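Atoms considered below: every heavy atom in the structure, side chains included; atoms not considered: hydrogens, waters and symmetry mates. On a predicted model such as this, the values are computed, not experimentally measured, just so you know.
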Amino acid sequence: MEKLIITCAITGAEVTKNDNPYVPYTAEEMAEEAYQAHQAGAAIIHLHARYDDGTPTQDKARYETLIKAIRERCPDVIIQVSTGGAVGMDIATRINVTELPLEMATLDCGTLNFGGDAIFVNTENDIKYVAKTLKERGIYPELECFEKGHIDMVLRLYKKGFIHPPLHFSFVLGVNGGMTGEARDFHFLRESIPSDATYSVAGIGRYELPLAELAIAHGGHVRVGLEDNIFIRKGVLANGNQELVNAVKTLAKKYQRDIASPAEARAILSMKEKTDDVL
Ligand code: KMH
Ligand code: ZN
């Protein structure tokens, strides 16, 4: 089977140090968590910016600082910047960061409830706008889908020429308001994308490692990290992002899947080779 691409979502915008003290906020903490995750096998770091007090931000100067700090420790890793930001941020604020020379960024493919009164808004026009902006700026999109309707949206926009190949999906399952992360959900989604598309699976909370195992067994790729899940097992906090990546590596061994380096991940995803002008 193809080598396994591990993405590590090291911090997110919603979890805090109160949830797990390893959630990084500062540039030093981000660089350390990214480095440990990369050393453990992550080829891609999914990044949200935060200020030193933990407040999420899409400020491009802050992203630049954080990315440079990560780059010093991980020269080759793929840095995938979030254009989702935090719930409640408007779309212009969210994509301000794409003015930086980025290699990869998320493209959130639909609206969903996000617990309580929160709504993560991604209208059809937002999706078209972000897709167009990423295309113009030469940034590789990762298509984040939180339920099946989001895949249908991608396929419609692809047919109409608003979204372009290569299609690399990320199924984010188990959000309170999105699709659950049961095995049947996983199979429904993976069978709903074109056969030449690639996909990665991110399970929220208790879904993280069971979904990772399913994806590994079926030739998909995997995202783990404190953004999605703070526990290594029921009731036991993960000892940093690298512990979650190591758990994926153990599963990969069980299914005899080797781990992709960043260069191998770029080839699998049909990305360009990294050049020095990219942050
Ligand atoms: N923080 C969530 C509201 C992304 O990174 O693109 C959105 C999110 C998706 O995390
Ligand atoms: Zn995210």
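Side-chain contact check for Ile259 versus Ile6: some heavy-atom pair is nearer than 4.5 Å. Looking at Cys8 and Arg223, their side chains never come closer than 4.5 Å, going by heavy atoms from C-beta outward. Residues Thr111 and Phe120 fail the side-chain proximity criterion, which asks for heavy atoms closer than 4.5 Å.
For Asp53, the CG atom counts as densely surrounded, since its 6.0 Å shell holds more than 12 non-hydrogen atoms of other residues, nucleotides or ligands. Counting non-hydrogen atoms of neighbouring residues, nucleotides and ligands closer than 6.0 angstrom, the CD atom of Gln256 reaches no more than 12 such neighbours. By the neighbour-count criterion of 12 heavy atoms within 6.0 Å, atom NZ of Lys135 is sparsely surrounded, having that number or fewer from other residues, nucleotides or ligands.
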Listed pairs under 3.5 Å, donor-acceptor, residues 263-273 side chains, sequence neighbours left out:
{"unit_1": "Glu264", "atom_1": "OE1", "unit_2": "Lys3", "atom_2": "NZ", "d": "3.4"}
{"unit_1": "Glu264", "atom_1": "OE1", "unit_2": "Ser261", "atom_2": "N", "d": "2.9"}
{"unit_1": "Glu264", "atom_1": "OE1", "unit_2": "Ser261", "atom_2": "OG", "d": "3.4"}
{"unit_1": "Glu264", "atom_1": "OE2", "unit_2": "Lys3", "atom_2": "NZ", "d": "2.9"}
{"unit_1": "Arg266", "atom_1": "NE", "unit_2": "Glu103", "atom_2": "OE2", "d": "2.5"}
{"unit_1": "Arg266", "atom_1": "NH1", "unit_2": "Asp76", "atom_2": "O", "d": "3.3"}
{"unit_1": "Arg266", "atom_1": "NH2", "unit_2": "Asp76", "atom_2": "O", "d": "3.0"}
{"unit_1": "Arg266", "atom_1": "NH2", "unit_2": "Glu103", "atom_2": "OE1", "d": "3.1"}
{"unit_1": "Arg266", "atom_1": "NH2", "unit_2": "Glu103", "atom_2": "OE2", "d": "3.4"}

Which pairs would a plain distance check flag for residues 93-100, meaning a side-chain donor or acceptor within less than 3.5 Å of a matching protein atom at least two apart in sequence or in another chain?
{"unit_1": "Thr93", "atom_1": "OG1", "unit_2": "Asp90", "atom_2": "OD1", "d": "2.8"}
{"unit_1": "Thr93", "atom_1": "OG1", "unit_2": "Asp90", "atom_2": "OD2", "d": "3.3"}
{"unit_1": "Arg94", "atom_1": "NE", "unit_2": "Thr83", "atom_2": "O", "d": "2.7"}
{"unit_1": "Arg94", "atom_1": "NE", "unit_2": "Gly84", "atom_2": "O", "d": "3.3"}
{"unit_1": "Arg94", "atom_1": "NH1", "unit_2": "Val121", "atom_2": "O", "d": "3.0"}
{"unit_1": "Arg94", "atom_1": "NH1", "unit_2": "Asn122", "atom_2": "OD1", "d": "3.4"}
{"unit_1": "Arg94", "atom_1": "NH2", "unit_2": "Thr83", "atom_2": "O", "d": "3.4"}
{"unit_1": "Arg94", "atom_1": "NH2", "unit_2": "Asn122", "atom_2": "OD1", "d": "2.5"}
{"unit_1": "Thr98", "atom_1": "OG1", "unit_2": "Ile95", "atom_2": "O", "d": "2.6"}
{"unit_1": "Thr98", "atom_1": "OG1", "unit_2": "Arg137", "atom_2": "NH1", "d": "2.7"}
{"unit_1": "Glu99", "atom_1": "OE1", "unit_2": "Lys60", "atom_2": "NZ", "d": "2.5"}

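Taking the centre and axis of the six-membered ring of Phe162, the NZ or CZ atom of Lys132 falls outside the cone set by 45° and 6.0 Å. Because its NZ or CZ atom is not both nearer than 6.0 Å to the ring centre of Tyr25 and within 45° of the ring axis, Arg50 does not count as a cation-pi partner of that residue.
Taking hydrophobic clusters as Ile, Leu, Val, Met, Phe, Trp and Tyr residues chained together by side-chain heavy-atom distances below 4.5 Å, Ile204 does not share a cluster with Phe188. Linking Ile, Leu, Val, Met, Phe, Trp and Tyr residues whenever their side-chain heavy atoms come within less than 4.5 Å places Ile230 and Val248 in a single cluster. A chain of hydrophobic side-chain contacts below 4.5 Å, direct or via other Ile, Leu, Val, Met, Phe, Trp or Tyr residues, connects Leu244 to Leu237. Put simply, Leu189 and Leu112 are part of two different groups of oily side chains (I, L, V, M, F, W, Y) that touch within less than 4.5 Å, one to the next.
At least one donor-acceptor pair closer than 3.5 Å links the side chain of Arg257 to the backbone N or O of Ile216. Of the possible donor and acceptor atoms, one in the side chain of Glu208 sits under 3.5 Å from a partner among the backbone N and O of Gly225. Looking at Asp277, its side chain never comes within 3.5 Å of a backbone N or O of Pro101 through a donor-acceptor pair. In this structure a side-chain-to-backbone donor-acceptor pair under 3.5 Å is missing from Gln242 to Gly41. Although no hydrogens or angles enter the test, the distance criterion places a donor-acceptor pair under 3.5 Å between the side chain of His150 and the main chain of Phe146. Side-chain N or O atoms of Asn241 include one that pairs as donor or acceptor with a backbone N or O of Ile10 at under 3.5 Å.
The closest side-chain donor-acceptor pair between Tyr140 and Gln80, if any, does not fall under 3.5 angstrom. Under the 3.5 Å distance criterion, with hydrogens and angles disregarded, no donor-acceptor pair is assigned to the side chains of Tyr22 and Glu243. A side-chain donor-acceptor contact under 3.5 Å links Asp185 and Thr180. Thr198 and His168 form a side-chain donor-acceptor contact under 3.5 Å, judged by distance and modelled atom types alone.
Contact check on Glu213 versus Lys254 returns a salt bridge, with a Lys/Arg side-chain nitrogen under 4.0 Å from an Asp/Glu carboxylate oxygen. Between Arg156 and Asp152, none of the side-chain N atoms (NZ, or NE/NH1/NH2) sits under 4.0 Å from a carboxylate O, so this pair counts as no salt bridge.
Ring pair Tyr199/Phe171 is parallel by interplanar angle, where below 30° counts as parallel and above 60° as perpendicular.
Residues Gly181 and Leu173 share a closest heavy-atom pair of CA-CB, 3.8 Å.
Taking the six-membered ring where the residue is Trp, the centroids of Tyr158 and His164 are separated by 6.0 Å or more.
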Point to revise | Criterion salt bridge (Lys or Arg N to Asp or Glu O under 4.0 Å) on Glu72 and Lys68, from CA distance to verdict | key: CA-CA 6 Å; Glu72 269 187 32; Lys68 283 183 171 164; over 6 Å; no
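Other cluster members for Met1: none, since no ILVMFWY side-chain heavy atom sits under 4.5 Å from it.
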